[in-house]
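Every number for a ligand or one of its atoms is a count from 1 in the order of the listing. No experiment lies behind these values; they were computed from the predicted model shown.
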Amino acid sequence: MKRLHKLFGWVGGLARRWTDPPFKTLIVNEQLPKVLKPRVLYVVKEDGFEEQAAILCPCGCKRVLQMNLLTDERPCWRVTYNRNGTASLHPSVWRKKDCASHFWFRDGRIVWVRD
Ligand SMILES: [Zn+2]
């Protein structure tokens, strides 16, 4: 019986992870807030132009990941917005130092890339 419980617990945990609410998208003017909230994708706009996107690293290391959105700078990401308030980033986000997180941000969800 105990083992069965364990199994259900594990399946339940997995299901919860999938049913977690997606990241919200928050458009901010000119600059990022000093403290970012988890599970929020920030898009900084200046004069109507998307300047950068930022999220707290989903690995839990608490670092702020900033993605340039200006098309004349490299590297450059593109944000696409969904009607339900979520967004996607293209290409994938890859932090090549520290925690080395590599993931896709799709429809407000983190899709890890296992290298
Ligand atoms: Zn991290």
> Going by side-chain heavy atoms closer than 4.5 Å, which hydrophobic residues are tied to Phe23, directly or by a chain of links?
Replying inline: Ile27, Leu41, Val43, Ile55, Leu65, Met67, Leu69, Trp77, Val79, Tyr81, Leu89, Val93, Phe103, Phe105, Ile110, Trp112

> How long is the gap from CD on Glu46 to CD on Gln31, to the nearest 0.5 Å?
Replying inline: 9.5 Å

> Side chains of Thr80 and His90: is there a donor and an acceptor less than 3.5 Å apart?
Replying inline: no

>> By the side-chain hydrogen bond (donor to acceptor under 3.5 Å, both in side chains) test, which pairs, at least two apart or in different chains, include something from residues 57-67?
In response: Gln52-Gln66, Arg63-Asp98

> By side chain to side chain donor-acceptor pair (under 3.5 Å), which residues pair with Asn82, not counting sequence neighbours?
Replying inline: Thr86, Asp107

> Where do Cys76 and Pro91 come nearest, in terms of heavy atoms and distance?
Replying inline: O-CD, 3.8 Å

>> Strictly under 2.8 Å of the Zn ion (ligand 1): which protein N/O/S atoms qualify?
In response: Cys57 SG, Cys59 SG, Cys61 SG, Cys99 SG

